[in-house]
Participant: 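Below is the structure I would like to discuss, written out as structure tokens.
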Amino acid sequence: MKYLIGALGWAALAAYALPAFAASVGDKDAGRSIALQICSACHKVTAIQAKPRNDLGAPPFIQYARRPSTTEFQIRRFFQTPHQRMPNFQFTPEETDNLVAYILSLK
Ligand code: HEC
């Protein structure tokens with residue numbers, strides 16, 4: 001049991017420590033084009049984008065990216081959990097990597 005907890009502890013640590021490396025896996029330009037196509041209906045996804053069509057109070061991506069709490073881990077977890085006010089998109093792992101890379105590039 002002691003060993004199991006030890007292993008889980010390392011796994012949790014790795015999940016926090018890895019993002020800095022894993023973020024470079026995605027293609028931020030591809031992520032940006034997904035964001036412009038899909039997310040921009042509700043979020044301001046670039047610095048120059050005009051107001052989104054839907055005013056639902058969704059945070060602008062730059063503002064979201066710059067929150068200290070926004071990490072790769074947190075973004076991935078957000079995508080994997082159901083939301084009440086945002087559609088639950090099903091992205092391929094590659095699309096997810098690209099979106100994560102794009103959002104983190106706005107930090
Ligand atoms: C139909 C409108 C809509 C679309 C389209 C949309 N969102 Fe959202 N999003 C919201 C709303 C509303 C919130 C704020 C409420 C919430 O957090 O559930 C939000 C919140 C978020 C958050 C912030 C979570 C936090 O911790 O504050 C992230 C990240 C996010 N969206 C990413 C995306 C991405 C990436 C896309 C495109 C793939 C997208 N959203 C498309 C409406 C939308």
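Numbers here are sequence positions counted from 1. No experiment lies behind these values; they were computed from the predicted model shown.
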Participant: Looking at C39, S40, S33, which one forms a side chain to side chain contact (heavy atoms under 4.5 Å, CB included) with Q37?
Facilitator: S33

Participant: Above 12 or not: heavy atoms from other molecules or residues under 6.0 Å from NZ of K28?
Facilitator: no

Participant: Short question: side chain of E95, backbone of T92 - any donor-acceptor pair under 3.5 Å?
Facilitator: yes

Participant: What is the distance from atom CZ of F91 to atom CD1 of I38, rounded to the nearest 0.5 Å?
Facilitator: 4.5 Å

Participant: Just how far is it from atom CD of Q90 to atom CD of Q80, taken to the nearest 0.5 Å?
Facilitator: 10.0 Å

Participant: Under 3.5 Å, sequence neighbours excluded: what are the donor-acceptor pairs made by side chains of residues 98-107?
Facilitator:
unit_1: N98; atom_1: OD1; unit_2: D27; atom_2: N; d: 2.8
unit_1: N98; atom_1: ND2; unit_2: E94; atom_2: O; d: 3.3
unit_1: Y102; atom_1: OH; unit_2: V45; atom_2: O; d: 2.6
unit_1: S105; atom_1: OG; unit_2: Y102; atom_2: O; d: 2.6
unit_1: K107; atom_1: NZ; unit_2: A65; atom_2: O; d: 2.8
unit_1: K107; atom_1: NZ; unit_2: R67; atom_2: O; d: 3.4
unit_1: K107; atom_1: NZ; unit_2: T70; atom_2: O; d: 2.7

Participant: For the residue pair H43 and M86, what are the closest heavy atoms and their distance?
Facilitator: NE2-SD, 4.1 Å

Participant: With sequence neighbours excluded, tell me which residues meet ring-ring contact (aromatic ring centres under 6.0 Å, His included) with F79.
Facilitator: none

Participant: Do you know the tightest heavy-atom contact between A41 and P52?
Facilitator: O-CB, 3.5 Å

Participant: Mind listing the closest non-hydrogen atom pair of T96 and R76 along with its distance?
Facilitator: CG2-NH1, 3.7 Å

Participant: According to a hydrophobic-cluster definition based on side-chain heavy atoms being under 4.5 Å apart (Ile, Leu, Val, Met, Phe, Trp, Tyr only), do I62 and L56 belong together?
Facilitator: no

Participant: Specify whether Y64 and F78 have parallel, tilted or perpendicular ring planes, treating 30° as the upper limit for parallel and 60° as the lower limit for perpendicular.
Facilitator: tilted

